[in-house]
Amino acid sequence: MTTGQTVRLPSVDRILGDAACLALIANYGRVQTLASARAVLAELRTAMLAGAVCEEGASITAIAAHMGERLQAQSRSQLRAVFNLTGTVLHTNLGRALLPDAAVQAVVEALQWPMNLEFDLETGKRGDRDDLVEELLRELTGAEAATIVNNNAAAVLLMLNTLAQNKEVVVSRGELVEIGGAFRIPDVMTRAGAVLREVGSTNRTHLADYANGVNEDTALLMKVHCSNYAITGFTKSVELDELVPLASKHGVPTAVDLGSGTLVDLAQYGLPHETTVRETIEAGADLVTFSGDKLLGGPQCGVIVGRADLIAKIKRNPLKRALRVGKLTLAALAPVLQLYRAPDLLAERLTTLRLLTRPAAAMRGQAQTLLPLLQGALGMQYVVTAEAMQSQIGSGALPVDQLPSFGLAIRSASGSRLSNPLGVLEQRLRALPCPVIGRIGQDTLWLDLRCLEAAHETAFIAQLGELSA
Ligand SMILES: *Cc1c(COP(=O)(O)O)cnc(C)c1O
């Protein structure tokens with residue numbers, strides 16, 4: 001080893017002429033490769049001042065290797081695939097629904113081909129992008145018409161702005177929901193230009209409260225799904241079928257924000273029943289809004305279904321143009337809706353439903369396989385056990401219902417010298433090539449295996465070795 005003073009750095013030209021760097025240029029282009037050479041040389045100069053560079057470290061081979069690492073790290077997308085072992089199937093922060101193969105194929109085609117997005121192939125005239133899924137939505141919900149926007153928040157905003165600008169909307173105080181990510185009914189109402197007319201109390205609202213809230217400025221009676229909370233105890237709310245006659249008496253429409261909005265009775269798959277869009281339409285709602293990427297299991301979008309005249313009015317609102325969806329969304333949505341035509345095969349084909357209905361026994365078997373591998377990778381500092389746990393549907397569907405699941409529970413071994421062993425481990429799991437996201441509670445790091453399907457198990461095992469490093 002020589003001291004920093006005697007080490008000489010190669011010139012940029014010599015570095016770029018080296019075979020290893022020519023390969024980098026072929027991959028990343030000359031501009032980026034040159035910039036990385038300069039950056040690595042600058043780092044080496046700083047290190048040399050500290051006498052921390054040896055002859056070998058300053059060789060072209062070492063420099064090229066550094067450049068390769070830098071370029072690779074820089075070109076990696078910030079948006080990365082992760083393992084969702086949180087136990088929340090529709091996890092908003094992890095991108096909600098995973099799409100079935102049919103949707104994946106359709107999106108790939110739409111990415112690479114021109115599409116008849118707004119082009120009627122029969123007449124050769126301009127078409128309407130909503131037409132691509134409207135027929136299916138009518139069939140699956142029993143509604144007269146449908147339109148699609150960017151997400152359900154946009155659906156609610158557009159509906160309120162179209163029907164109730166400068167007018168009043170009657171909503172029960174028990175339904176003034178806040179969804180994570182700053183969606184709050186009172187705030188959306190304000191931004192839509194509508195005036196919120198709150199009626200009843202937090203825990204009890206009667207039909208008479210709605211009746212007293214209606215006046216000549218009323219444009220809409222609205223019900224909102226209590227997506228992420230439950231009011232229990234001394235409670236009373238007004239069912240939609242009681243509200244509809246009151247609305248008709250005053251000649252105003254009724255709208256329901258269903259939130260998750262399922263298209264099938266989940267009870268047939270052994271899940272808790274959730275009011276379907278069809279039931280809501282049949283109970284007399286004039287408009288229903290719901291998300292595409294919650295229980296429906298499709299791409300992010302918001303669906304508005306209901307009376308043809310009201311949907312037509314919504315589509316004429318200039319805001320619709322600002323909130324419309326792109327071709328990728330429609331490409332993904334159509335095949336997902338198609339799956340609902342075969343409800344008997346849905347639990348197998350629709351990824352979201354398949355995950356929600358995975359029996360705990362499947363996860364238990366997986367936990368037994370993974371337990372020794374994870375324990376081996378983590379070493380003596382931690383104790384891993386296979387345990388029963390509870391998954392959640394997530395994204396505001398059935399907030400109080402839990403699904404029996406199974407997974408791995410990791411606790412700190414007694415006598416561990418780490419100050420925050422679970423925090424450290426959580427970070428190590430996040431630093432894996434495909435980050436593993438679990439959840440910490442009761443001095444335990446829980447890895448719920450519900451969302452680790454067999455197809456991804458090998459990839460999960462393959463990277464465990466990096467934990468022990
Ligand atoms: C989730 C939800 C929304 C927002 O839907 P996004 O698709 O996330 O925009 C609105 N209302 C209710 C009741 C919800 O549950």
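Order of appearance sets the numbers: ligands from 1, and atoms from 1 within every ligand. Values reported hereafter were calculated over all heavy atoms of this structure, with side chains retained and with hydrogens, waters and symmetry mates removed.
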Any idea which atoms of ligand 1 are less than 4.0 Å away from a heavy-atom of S291? 5 (O), 6 (P), 7 (O)

Hey, is ligand 1 close enough to A153 that some N/O pair sits below 3.5 Å? yes

Backbone, side chain, both or neither: what part of R96 comes under 4.0 angstrom of ligand 1, heavy atoms only? side chain

Take R428 and E466 through the salt bridge (Lys or Arg N to Asp or Glu O under 4.0 Å) test and state the conclusion after the steps. CA-CA 9 Å; R428 276 165 74 196; E466 307 208 14; over 6 Å; no

Test item, I179 contacting ligand 1 (heavy atom, 4.0 angstrom): yes

Please confirm whether K294 approaches ligand 1 to less than 4.0 Å, judged on its heavy atoms. yes

Below 4.0 angstrom from a heavy atom of G259, which ligand 1 atoms are there? Numbered from 1 as shown, please. 12 (C), 13 (C), 14 (C), 15 (O)

Which residue is it: L422, T385, V384, D443? I am looking for the one with a side chain to side chain contact (heavy atoms under 4.5 Å, CB included) to R411. T385

Between Q366 (side chain only) and L452 (backbone N and O only), is there a donor and an acceptor less than 3.5 Å apart? yes

State whether the side chain of R358 and the backbone N or O of R450 hold a donor-acceptor pair below 3.5 Å, judged by distance alone. yes

When you measure from the side chain of T262 to the backbone N and O of V264, does any donor-acceptor pair fall under 3.5 Å? yes

Identify, by atom number and element, the atoms of ligand 1 in contact range of H225, meaning under 4.0 Å from any of its heavy atoms. 13 (C)

Is there side-chain contact between M189 and L160, with at least one heavy-atom pair below 4.5 Å? yes

Test item, V156 contacting ligand 1 (heavy atom, 4.0 angstrom): no

Any salt bridge between D217 and K167, counting N to O under 4.0 Å? no

Contact check: S260 vs ligand 1, nitrogen or oxygen atoms, below 3.5 angstrom: no

